[in-house]
Every structure is written in structure tokens, then in C-alpha cells.
Amino acid sequence: MENLLRDAQQRFNIDTRTINLFGFSGGAQFAHRFGMMRPHLVNRMALMAAGWFTMPDIDVPYPLGIAPSEILADRTFDLASFFGCPTRVFVGERDLRRDDSLKTGKQIDRMQGRNRVERAQRWVTAMQKYAGDHKVKADIELQIINRAKHNFGASIRKHQLDELVFNWLIPDQKGEKS
């Protein structure tokens, strides 16, 4: 991702020193993990319908927690800086299906919940608690979208996901947040 940002900066003369980041489903999984590892590159973040999260648990190996693992290799988390990145977690009220696109298993279900709504709620709560325990201010909130399911196109057409995300990522000129 960092190479992609450098390439975009060089090719298109775009300032990519910090970015506003949005991800849906697997994209939200990538986005929050990228933000946790490279918070200095992320200005604001919007996550929608992640199937599962990396929890701020130092006793559980990555990617389920933040403890070292083979997958994590030499990468590290910078949660203190991550909490400086305003983050909104969106999830559809009806995003409750347990299909092949949702990672399942005893450990993840017990730790995060059985569906995307529970998992979003638990991650936001865990991140807020972690920040509070470490006396760090965190701007991480959950927004449940009424009647929405796990469908990107329908979330745009029926539930104005695009407006919710853009209003969050790009606050109006008065500095007010939507």
C-alpha cells in the first residue's frame, strides 16, 4: 500500500502523505489493519461491514489479536497513534448472515460474535476500552444503518452509504463532522 501511495504521488502529483481510507467487507478488514500498523499515513477512516477484526488483545496472535505471529512477521502496531485517526464503523442492521464470506470458528465467534453487527459492536467497544485503559483519546464510533444488509450496491442505492462515508471522510467547510 505504501508503494502504491508513493506511485500515485509521483504519477499524478497527488499529496499522499496522509489519506482518507474507506473499505467495505474485506476492504474494511484491510483498512483497519493498515491503519493500526501505519496510522501516520491515515487521516480519517471509514469501515463498512468487516467480516472480522484484529482485536486489541496482546495475548492473542495476529491477525485475531495484536500479539506476535508468523503472519505478522516484523510488522508492528502503533495503537497510540492509531487512536488519533478518527474512525467510523458502519454496519447494516440486517448484516446477520453466516455464509461463506464470513470467517467463522469457535474462537472468533466467542471473541467477536456470530455476525458482522456483533463483531463491529465488540471491536468498537474493545478499541474504546483499550484507549481508555491507556489514557489515550479515541474517536472511534459505530453507526448502524437501519434495514441495510451485506450488499454494497444496495447500501449505496437504498441507504446512502456514499453520502455517509463522504460526509465522514470529508467534513464540511465549517469543520463540523457529520
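Residue numbers start at 1 and run along the sequence shown. These figures come from a predicted structure and were not determined experimentally.
- The shortest heavy-atom contact between L102 and R114 is CD2-O, 3.6 Å.
- The main-chain N or O of W123 is never found under 3.5 Å from a side-chain atom of Q112 such that the two would form a donor-acceptor pair.
- Among residues two or more places apart in sequence or in another chain, the side-chain contact (heavy atoms from CB on, under 4.5 Å) test is passed with F30 by M1, F34.
- The side-chain contact (heavy atoms from CB on, under 4.5 Å) test with V91 is passed by exactly one of V117, N115, I145, L47: V117.
- Cluster membership for F22 and L5, using ILVMFWY side-chain heavy atoms within less than 4.5 angstrom, is not shared.
- The 12-atom threshold is not exceeded at CD of E70, counting heavy atoms of other residues, nucleotides or ligands nearer than 6.0 Å.
- By the 4.0 Å N-to-carboxylate-O rule, R157 lies too far from D162 to be salt-bridged with it.
- A donor-acceptor pair is defined here as one N or O able to donate and one able to accept, closer than 3.5 Å; such a pair exists between the side chain of R119 and the backbone of G51.
- Heavy-atom neighbours of D99 CG from other residues, nucleotides or ligands within 6.0 Å: above the threshold of 12.
- Salt bridge annotation for R147-E93: absent, with no cationic side-chain nitrogen under 4.0 angstrom from a carboxylate oxygen.
- Under 4.0 Å is where a charged nitrogen must lie from a carboxylate oxygen, and between R38 and D78 no such pair does.
- Of the possible donor and acceptor atoms, none in the side chain of H134 sits under 3.5 Å from a partner among the backbone N and O of A131.
- Pairs of residues two or more places apart, or lying in two chains, that qualify as side-chain hydrogen bond (donor to acceptor under 3.5 Å, both in side chains) and include a residue from residues 50-64 are R33-T54.
- Between V42 and G35, the shortest heavy-atom contact is CG2-CA, 4.1 Å.
- Scanning for side-chain hydrogen bond (donor to acceptor under 3.5 Å, both in side chains) contacts around R116 gives S101, H150, with sequence neighbours left out.
- Between the side chain of R44 and the backbone N or O of W168, at least one donor-acceptor pair lies under 3.5 Å.
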